[in-house]
Amino acid sequence: MPIPAALKKAWDEANLLTESGDPKGALVILRSEAWDACENGAQKARTLCFAGDAGTVLGEADAANQKRHWRRAHKNYGKALNFDAKDKETRRSMNKLASMMDEKSISLGVGLQMFDEGNPTPFGLLTILIAGMLVLVAFKVVTDWLGEPADNPVVRLEISYMPDGASERTTVFIEIELYQEEAPLHVENFLLLVEDFRYDFTTFHRVIDGFMIQGGDMENRDGTGGYTGKWYGYCDGREFDNSGNRYGPETCDLSDWSLPGEHTNGLKHVPGALAAAHAGLNTDSSQFYIVPGDSTPSHLDWEPGKDCSQESCHTVYGRVVSGLEHVTAISEVQTDGEKPVTEVQLIHVTVNE
């Protein structure tokens, strides 16, 4: 489909302003003239990418508000990829910005901060509102407000590996948001294992370029082991039903503890997706894999009508929010079959506060 003349003109004007040092003016044009002229998802993706470019430049020029500008830019890149997940130019720009943010110790979420750059965050506004309600309304109303759901947890993986063609190991950090509403059991299990330090000093034992990197075998470190952080009612995929079924927590070996798939949650295998590895339906446990930036293995997704007892249906329960370029680089290390020639080590996993 040809690009509308009004949209092409808006893009050209916005990019010229960005290059000439007026990214604010570029953003004004992109948010109004360009966005209104878009006729399809591909054009919206390109507009959002240009907005990400302008936001990146604005953050470099406005150091005092850099954190806010770069977070918005990264969010615009992410929205662009939602429209067009295969846009390599957008992904490269997003990964470059993520690296710049890593260097400045800027996370992709403001967390539970009351103020950011001197301005109240959404959480800060909520806190102020609640404080006023303490004076004006009854205790019950206040507690209802305090009962609002918390943000999704974000975990930080510290990984040591030998990049392809390098002579020395490097240590990188990858941050992953966990989707607790869409996959509550998988998120709970992952966090239990993190809190118990079970993932520390394990390996990514299986690496396939253009597909995924897999780890989480805390038993044998080779892909043959792993189990859940607590009893979820499944023994190697067989459900315990409290009616004489012999596969209970007392009779099932710990190494066979598993949890049921939550693959019908609608989450897809997009670049950066975190998903549960398994050996069959309802055998999910501690092993997981991460999709690199150049992969979209949609054949692992659940679709209505798909028979998951015969075909692969994997549960996605998180997504990389910082460091996707490191996942992609790890997927490109030298391997012997699917095993890295030089060990890819998961040193430590923490939950961001």
Under the ring-ring contact (aromatic ring centres under 6.0 Å, His included) rule, collect the residues that match up with H269, sequence neighbours excluded.
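Counting only residues at least two positions away or on another chain, H269 forms a ring-ring contact (aromatic ring centres under 6.0 Å, His included) with Y289.
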
Tell me yes or no: between the side chains of [X] and [Y], is some donor less than 3.5 Å from an acceptor?
X    : Y    : result
E175 : N352 : yes
N95  : R92  : no
S99  : E325 : yes

Could you tell me whether the side chain of [X] and the main chain of [Y] form a donor-acceptor pair under 3.5 Å?
X    : Y    : value
R72  : H69  : no
T202 : R198 : no
S286 : G216 : yes
N40  : A42  : yes

[X]: partners by side-chain contact (heavy atoms from CB on, under 4.5 Å), with sequence neighbours left out:
X    : answer
R319 : N82, Y179, V270
H263 : L281, W302, C308, C313, T315
K104 : Q66, W70, I106
T224 : D217, N220, D222

Pairs in or reaching into residues 327-347: which pass ring-ring contact (aromatic ring centres under 6.0 Å, His included), with residues at least two apart or in two chains?
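Output for this query is empty, none listed.
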
Apply the hydrophobic cluster definition, ILVMFWY joined by side-chain contacts under 4.5 Å directly or through others, and give me every member besides L185.
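Result for L185 is L192, Y232, L259.
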
Hydrophobic cluster mates of I347, side-chain heavy atoms under 4.5 angstrom, ILVMFWY only, any path?
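F201, all in the cluster of I347.
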
Can you establish whether the number of heavy atoms outside Q334 located under 6.0 Å from its atom CD is more than 12?
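12 or below, so no.
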
Which atom pairs, donor and acceptor, lie under 3.5 Å between side-chain atoms of residues 45-57 and protein residues at least two apart or in another chain?
| residue | atom | partner | partner atom | Å |
| --- | --- | --- | --- | --- |
| R46 | NH2 | D87 | OD1 | 3.4 |
| R46 | NH2 | D87 | OD2 | 2.6 |
| T47 | OG1 | W11 | NE1 | 3.0 |
| T47 | OG1 | Q43 | O | 2.9 |
| D53 | OD1 | Y77 | OH | 2.5 |
| T56 | OG1 | G52 | O | 2.8 |

Using the side chain to side chain donor-acceptor pair (under 3.5 Å) rule, take H186 and E262 through it: C-alpha gap first, then chi angles, then the decisive distance, then the call.
CA-CA 8 Å; H186 283 74; E262 296 176 294; 2.6 Å; yes

For residues 21-37, tabulate all N or O donor-acceptor pairs below 3.5 Å that involve a side-chain atom, not counting sequence neighbours.
| residue | atom | partner | partner atom | Å |
| --- | --- | --- | --- | --- |
| D22 | OD1 | G25 | N | 3.1 |
| S32 | OG | V28 | O | 2.7 |

With a 3.5 Å cut-off and sequence neighbours excluded, list the donor-acceptor pairs that the side chains of residues 291-298 form with protein atoms.
| residue | atom | partner | partner atom | Å |
| --- | --- | --- | --- | --- |
| S295 | OG | G210 | O | 3.2 |
| S295 | OG | F211 | O | 3.1 |

Inspect the contact between K230 and E188 and indicate whether a charged nitrogen and a carboxylate oxygen are less than 4.0 angstrom apart.
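Salt bridge flag = yes for K230 with E188.
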
Pair Y317 and F288, ring centroids less than 6.0 Å apart:
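Not under 6.0 Å, so no.
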
With a 3.5 Å cut-off and sequence neighbours excluded, list the donor-acceptor pairs that the side chains of residues 336-343 form with protein atoms.
| residue | atom | partner | partner atom | Å |
| --- | --- | --- | --- | --- |
| E338 | OE1 | R206 | NE | 2.7 |
| E343 | OE1 | R221 | NH2 | 3.4 |
| E343 | OE2 | R221 | NH2 | 2.9 |

Evaluate the ring planes of Y199 and F190, with Trp represented by its six-membered ring, and classify them as parallel (under 30°), tilted (30 to 60°) or perpendicular (over 60°).
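Answer is tilted, since the angle falls between 30° and 60°.
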
